[in-house]
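The structure appears right after this line, and notes come after that.
Start at 1 and go down the list; that is how both ligands and their atoms are numbered. Excluded from the calculations below are hydrogen atoms, water molecules and symmetry mates; all remaining heavy atoms, backbone and side chain alike, are included. A quick note: this is a predicted structure, and the numbers were derived from the prediction, not measured.
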Amino acid sequence: MAGTLTTIFVLILAIAIGIYQFYVSPLLARHGYGRIVEPVGNSDCSTVPELKACEKIVLHEPTGVLYLACSTPGNRLKWIPAIDAYEENAHDDYVATYDPSTGKVTPLQFENFESDRGFSSHGMDVVPSTANRDELFVYLINHRSPLDGKNPKLVGADSVIEIFKTRVTSNSLVHVATVQHPVISTPNDLVGYGDGKSFYFTNDHGSLKTGALRDLKNVVSSVASVGYCHTEEGCSLVVPRIHAANGIAKAPNNTIYVASTAGASVSVFERQEDSSLVLTDFIQVDVPLDNLSLDANGALWGAGFPKSSAMMNHMKDPSFPSPSRGVKITINTGPGSFYGEKYKVEKGFEDDGTIASGTTTIAYDPLRRRLFAHGLAANSLAICKI
Ligand SMILES: *[C@@H]1O[C@H](CO)[C@@H](O)[C@H](O)[C@H]1NC(C)=O
Ligand SMILES: CC(=O)N[C@H]1CO[C@H](CO)[C@@H](O)[C@@H]1O
């Protein structure tokens, strides 16, 4: 009898170890338990403390100027629909430009924009107009407070996408359109086109604006989605179910990349004639990934969290440092490509949080060899020569 019990005990132990090794251990590792943060590309950096809590950076390639969607760390943490933070409506967010060659920060003034429920920034894209390269379209997610004073904790934010127009050296953003549609439910990030009328966007929690199990569902299943809108034709979901979608980026050749935070991966899609998306590749990385951007050389950069627990602390108290990584993904042209390793995933940048803390957005300018990192609650913009 004792022998049988021992056997059963050993069996249970073996199963437990197996579960640990196959499921729990990789999950803990992905979220950074036991991970050692190694500095990469952070030895020649400076910071711009004037620019705080910028959730998204877009580089204007021809001039090297950055567009940033910013807030203040204090305000930001009170209103982030993506993580159910609805403390108070912090609707005084703004967009600024930053010129690294002169160090000049220019907050852009909204024009022709009457929103009684303000502007709460999140994802952004800035694209030259197809008709006139000096003109830019700025696509912005706006998490407005709900209509009629409804409680956002119960109904979520009333999120829309705003389209603005500007010129390369202008200090104002002229409003063009507000796009509101039932499929724009929990928008996070977007990529816009030069017609000033169309864009793809991610819904980080699909149609789940609120609800107790929303975050759990988002981590364990595919409730997120990707949608497409055209201001004259309406909106539709082009990828109705995808795991924990977050950042989205596009290449000039109709390739669209969507990052998964909980899935630590990138899904690669090809845009079709009818604007639908066809999945062509799936790239696994080893850290939770956030916002994506493509540099002028075709390398895809993702903001990664090497330590998820530090990131959680940073979101409660922005002065708590959270390590940052720039995940660089390129087409593999080396020997591994023979064995089907189509993509090369590298650490393009890593910092323990001293210079770049809680980074959620990275942009790299290969022409001028500048890497820019910022975070939704971070205290400054970090610029590193690499
Ligand atoms: C599209 O462009 C990206 C970025 O330059 C490149 O990696 C990818 O291979 C291209 N895709 C196709 C189908 O040509
Ligand atoms: C566009 C954008 O900023 N997307 C995400 C960037 O990272 C933060 C942190 O996880 C997310 O909350 C944003 O949704």
*Taking it one step at a time, do K104 and D99 satisfy salt bridge (Lys or Arg N to Asp or Glu O under 4.0 Å)?*
CA-CA 5 Å; K104 189 159 184 262; D99 185 347; over 6 Å; no
_Audit row: D125, K56, salt bridge (Lys or Arg N to Asp or Glu O under 4.0 Å) steps and yes/no_ = CA-CA 9 Å; D125 199 10; K56 185 76 196 262; 5.7 Å; no
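Ranking the protein heavy atoms by distance from atom 3 (C) of ligand 1 puts Y257 OH, 3.5 Å first. In terms of protein heavy-atom proximity, atom 13 (C) of ligand 1 is closest to E270 OE2, 4.0 Å. Of all protein heavy atoms, the one closest to atom 5 (O) of ligand 1 is G298 CA, 3.7 Å.
Applying the side chain to side chain donor-acceptor pair (under 3.5 Å) rule to pairs touching residues 146-157 yields nothing, sequence neighbours excluded.
In the displayed structure, R369 atom CZ is contacted under 6.0 Å by at most 12 heavy atoms of other residues, nucleotides or ligands. Remark: K344 NZ is loosely packed, at most 12 non-hydrogen atoms of other residues, nucleotides or ligands lying under 6.0 Å away.
The distance from ligand 1 to the heavy atoms of N253 drops below 4.0 Å at these ligand atoms: 1 (C), 2 (O), 3 (C), 8 (C), 10 (C), 11 (N), 12 (C), 14 (O). Taking every non-hydrogen atom of T255 and a distance limit under 4.0 Å, the qualifying atoms of ligand 1 come out as 1 (C), 11 (N). Every atom of ligand 1 with a heavy atom of I331 under 4.0 Å away is listed here by number and element: 7 (O), 9 (O).
Of the heavy atoms in Y343, none comes closer than 4.0 Å to ligand 1.
F164 and F113 have their aromatic ring centers within a separation under 6.0 angstrom.
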